S.K.: 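Starting off with a structure, shown below.
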Amino acid sequence: MALDEKIYDLRREKLKQIAALGQEPYPRRYEFTHTVPQVLASFSGQSGEELEKERVNVRAAGRIMAIRLMGKAGFAHLQQGGERLQIYVKKDAVGEKGFELYKLLDLGDHIGVSGYLFRTRTGELTIHVEEITFLAKDLLPLPEKWHGLTDVELRYRQRYVDMVMNPEVREVFLKRSKLVQSLRRTLDGHGYIEVETPMLQSIAGGAAARPFITHHNTLDIDLYMRIAPELYLKRLMVGGLDRVYEINRNFRNEGISTRHNPEFTMLEFYQAYADMSLVMDLTQRLIEQAATDVNGTTKTKWGETEIDWAASNWKRMTMREAIIHYWPEKAGARPEMADFATHDLVAKLVKRFNSGHSHVAYNPQEPAGKTIAALFETAAEEHLTQPTIIYEFPAAISPLSKNKPEEPDWVERFEIYAGQMEISNGFSELNDPEEQRRRFEQQLQERERGDDEAHQLDEDYVRALSYGMPPAGGVGVGVDRLCMLLTNSPTIRDVILFPLLRPEQNTQDAPPAEK
RNA sequence: GGGCGCGUAGCUCAAUUGGCAGAGCAACUGACUCUUAAUCAGUAGGUUGAAGGUUCGAUUCCUUCCGCGCUCACCA
């Protein structure tokens with residue numbers, strides 16, 4: 001029998017003994033006067049004398065994270081809300097039965113206590129317990145109290161244990177909640193309404209990615225988990241909801257990395273009668289406000305460096321300017337704007353770029369715009385630590401954006417980069433149904449060339465545009481990545497409560513079945 | 001998918017050139033009415049990720065597999 005099974009059985013036995021003392025083994029509720037953080041916040045300023053003079057009675061509950069027994073008295077620490085409060089249990093004060101109960105408690109158990117506050121000889125604020133109420137048993141042993149849980153795999157697989165042992169994990173997810181609140185508040189303040197659109201879609205549109213496929217039994221049809229809500233939100237533009245947003249999950253059937261989880265949270269918002277530059281400004285304010293709401297300042301740590309989200313620190317440049325600006329010295333003289341003009345010139349540019357150390361995969365079959373985008377990512381992305389807006393994207397990789405009037409191969413699209421990551425993407429929405437159909441058809445050609453991430457043709461979307469969509473600007477913001485940046489988390493798994501892992505093979509860690 | 005690395009008690013980690021698999025915490029028994037990584041005395045806990053190979057002998061060397069991490073590719 002494995003050790004933890006022995007402990008499990010032993011603790012079940014203790015639970016029976018606890019019940020024999022007249023305690024409910026799984027009671028329903030506990031009335032408390034203070035949470036642990038409230039006790040600490042309210043009475044940390046009071047001296048021992050003050051507490052003695054005017055007795056403060058409290059009832060509080062928490063999980064036992066440390067316990068010390070000394071004959072006929074003992075101390076323990078209760079953890080709740082990420083904070084710990086000491087309790088002092090004396091046989092004289094809790095009585096024979098109360099002390100029997102105390103001796104049956106284990107690390108990890110939940111209890112409620114009532115008593116009065118005092119300060120110990122060393123000055124620690126402590127509850128002098130008069131009554132213990134048993135609340136729930138921890139049947140499996142918690143990790144070691146000093147080193148805690150560090151095994152990365154276990155931390156993700158058993159996030160509940162991770163959160164008990166590592167208070168900073170709790171902090172990250174509290175900040176994540178504040179981040180999402182902030183995004184909602186800003187958009188609500190601008191007159192946006194929040195909507196929910198389908199996650200099960202018969203055509204996975206709105207982005208270039210491989211989808212998850214699922215099946216509906218009654219209709220007997222295959223469906224896709226959505227890769228983006230974009231096309232549905234724009235249908236709402238047609239329908240007359242002039243400002244909409246959605247914060248929810250997207251699913252992309254692609255690699256897992258420190259920046260990619262197969263399901264991730266995206267904010268998308270659309271505003272009628274707006275163009276790229278308007279939503280660009282709004283997005284910048286949205287993010288600056290989120291940084292302030294989450295951390296109380298526009299400055300956040302990012303590894304060894306610091307990111308400043310204040311408006312004055314944002315940079316803006318076009319994609320072509322960024323390639324020129326970050327052109328590596330080893331690749332010779334910087335290109336000029338004219339060098340991006342034709343397929344042949346771009347091919348030459350790649351050749352020069354690859355003559356330096358870097359390497360951009362180049363396929364002469366693909367449109368020049370695609371190559372330019374690859375060039376940008378290789379040359380510039382790693383330099384973009386401070387918030388930077390890159391705008392004017394090639395039309396070839398932007399089937400849903402509106403063209404620049406004077407340069408039809410380029411579109412009014414931008415992306416926001418920070419911490420070497422793309423965190424946002426927006427554009428002037430293409431609302432000409434015939435142009436949209438042509439773009440979809442180009443994507444179909446890409447698909448036939450073997451690009452299985454090329455956009456699918458969505459006939460109903462073209463039909464919706466044919467009813468007339470007002471001019472509009474739209475933006476997507478990667479909430480997980482923004483959360484990484486605002487909490488200094490190097491991997492996306494640290495900001496997703498239950499990141500996708502391969503399912504567990506053995507069941508050794510599972511609790512034994514009921515006997 | 002490629003490359004590199006890791007996997008030893010519930011947890012955190014040791015183990016000399018290939019030579020008896022160990023410690024701390026957690027657990028159990030006992031002592032202790034102001035401790036706080038409580039202390040003291042004792043006890044128990046292992047198919048060293050799995051399978052195979054080399055060897056008198058494998059945690060250690062080799063092969064394959066499984067899992068995880070880092071990284072590259074992929075990811076508009």
Side-chain angles (χ1 to χ4, degrees), chain A residues 1-11 13-14 48 65-77 84 86-94 99 102 106-108 118-124 126 128 138-158 161 165 206-210 227-228 230 252-262 264 319 359 361 369-370 373-374 376-377 393-401 411 413 415 421-422 425 427 443 446 451-455 476 478 490-493 501-506 508-509:
Chain A
M1 180 159 61
L3 178 62
D4 52 338
E5 286 175 37
K6 279 186 193 166
I7 290 174
Y8 187 96
D9 288 346
L10 232 150
R11 291 190 177 185
E13 198 46 50
K14 282 187 185 175
M65 294 305 289
I67 188 162
R68 300 175 285 282
L69 176 68
M70 299 161 305
K72 299 189 181 65
F75 289 88
H77 273 98
R84 292 184 183 191
Q86 184 168 257
I87 62 168
Y88 178 54
V89 180
K90 196 160 69 163
K91 191 172 182 178
D92 299 345
V94 296
F99 204 69
Y102 178 76
D106 286 300
L107 282 178
F118 77 111
R119 284 193 183 272
T120 62
R121 211 170 272 165
T122 53
E124 181 166 347
T126 304
H128 194 292
D138 174 9
L139 295 169
L140 289 169
L142 286 174
E144 204 243 336
K145 66 183 173 190
W146 191 239
H147 297 93
L149 184 68
T150 61
D151 184 288
V152 184
E153 183 183 354
L154 277 184
R155 284 191 46 222
Y156 298 138
R157 282 204 194 282
Q158 295 180 260
V161 178
M165 300 308 294
R210 284 193 292 269
I227 56 176
E230 171 148 354
R252 297 188 184 176
N253 203 342
E254 284 162 354
I256 297 173
S257 79
T258 48
R259 294 161 182 205
H260 300 87
N261 194 62
F264 63 99
M319 179 180 278
H359 186 75
K370 219 169 172 177
F376 160 75
E377 279 173 25
F393 275 57
I397 58 162
S398 313
L400 304 166
S401 321
V411 297
R413 172 178 172 189
E415 289 186 347
M421 284 190 289
E422 177 203 335
N425 173 23
F427 35 88
Q443 290 290 309
E446 290 290 298
D451 183 354
D452 54 0
E453 284 164 9
H455 215 289
T491 146
I492 199 167
R493 287 178 162 183
L501 298 176
R502 208 177 288 272
E504 266 180 286
Q505 295 275 310
N506 59 41
Q508 279 173 11
D509 292 338

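Below, chain A is the first sequence line, B the second, and so on; all start at residue 1. No experiment lies behind these values; they were computed from the predicted model shown.
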S.K.: Give A:Asn425 one of three labels, base, sugar-phosphate or nothing, depending on what nucleic acid heavy atoms sit under 4.0 Å from its own.
M.R.: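 Result for A:Asn425 = base.
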S.K.: Indicate, with a heavy-atom threshold strictly under 4.0 Å, whether A:Thr258 touches base, sugar-phosphate, or nothing.
M.R.: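 Sugar-phosphate, backbone atoms only, no base.
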S.K.: Taking the C1' atom of each, how far is B:rG52 from B:rU47, in whole Å?
M.R.: 15 Å
S.K.: Is the shortest side-chain N/O distance from A:Lys14 to OP1 or OP2 of B:rC28 below 4.0 Å?
M.R.: yes
S.K.: With no angle test and no hydrogens, is the base of B:rU35 tied to the side chain of A:Thr120 by a donor-acceptor pair under 3.5 Å?
M.R.: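 Present.
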S.K.: With rounding to the closest Å, how many angstrom separate the P atoms on B:rA50 and B:rU60?
M.R.: 11 Å
S.K.: Applying the Watson-Crick and G-U wobble criteria at under 3.5 Å, what pairs with B:rC65? Answer none if nothing qualifies.
M.R.: B:rG49
S.K.: How far, in whole Å, is B:rA51 from B:rG7 if one measures between their C1' atoms?
M.R.: 16 Å
S.K.: If I pick the C1' atom on B:rA58 and the same atom on B:rG49, what distance separates them, to the nearest angstrom?
M.R.: 16 Å
S.K.: Under 3.5 Å, is there any donor-acceptor pair linking the side chain of A:Glu124 to the base of B:rU35?
M.R.: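 No, the side chain and the base share no sub-3.5 Å donor-acceptor pair.
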S.K.: Please figure out whether A:Ile397 or A:Arg121 has its closest RNA chain B nucleotide nearer the 5' end.
M.R.: A:Arg121
S.K.: If pairing requires Watson-Crick or G-U wobble contacts with both distances under 3.5 Å, which nucleotide is the partner of B:rU43?
M.R.: B:rA27
S.K.: Round to a whole Å and report the spacing from CG of A:Asp9 to C1' of B:rA44.
M.R.: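 Distance, rounded to whole Å: 16 Å.
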S.K.: Scan A:His77 against the nucleic acid and name what it touches under 4.0 Å (heavy atoms): base, sugar-phosphate only, or nothing.
M.R.: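 It contacts base atoms.
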S.K.: Give me the distance, rounded to whole Å, that separates B:rG2 from B:rA14 when you measure between the C1' atoms they each carry.
M.R.: 34 Å
S.K.: Using whole Å, what does the distance between atom P of nucleotide B:rC25 and atom CD of A:Glu144 come to?
M.R.: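 Checked: the CD to P distance equals 9 Å.
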S.K.: Within less than 4.0 Å of OP1 or OP2 of B:rA76, is there a side-chain N or O belonging to A:Arg252?
M.R.: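 For B:rA76, OP1 or OP2 has a side-chain N or O of A:Arg252 closer than 4.0 Å.
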S.K.: Partner of B:rC70 by Watson-Crick or G-U wobble geometry, both contacts under 3.5 Å, or none?
M.R.: B:rG3
S.K.: Can you find a side chain N or O atom of A:Arg68 that sits less than 4.0 Å from OP1 or OP2 on B:rU39?
M.R.: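 Result: no.
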S.K.: Rounding to the closest angstrom, what is the interatomic distance between B:rC66 and B:rA15 at atom P?
M.R.: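 My reading of the P atoms in B:rC66 and B:rA15 gives 29 Å.
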S.K.: Would you indicate whether the side-chain heavy atoms of A:Ile492 and A:Met421 approach each other to under 4.5 Å?
M.R.: no
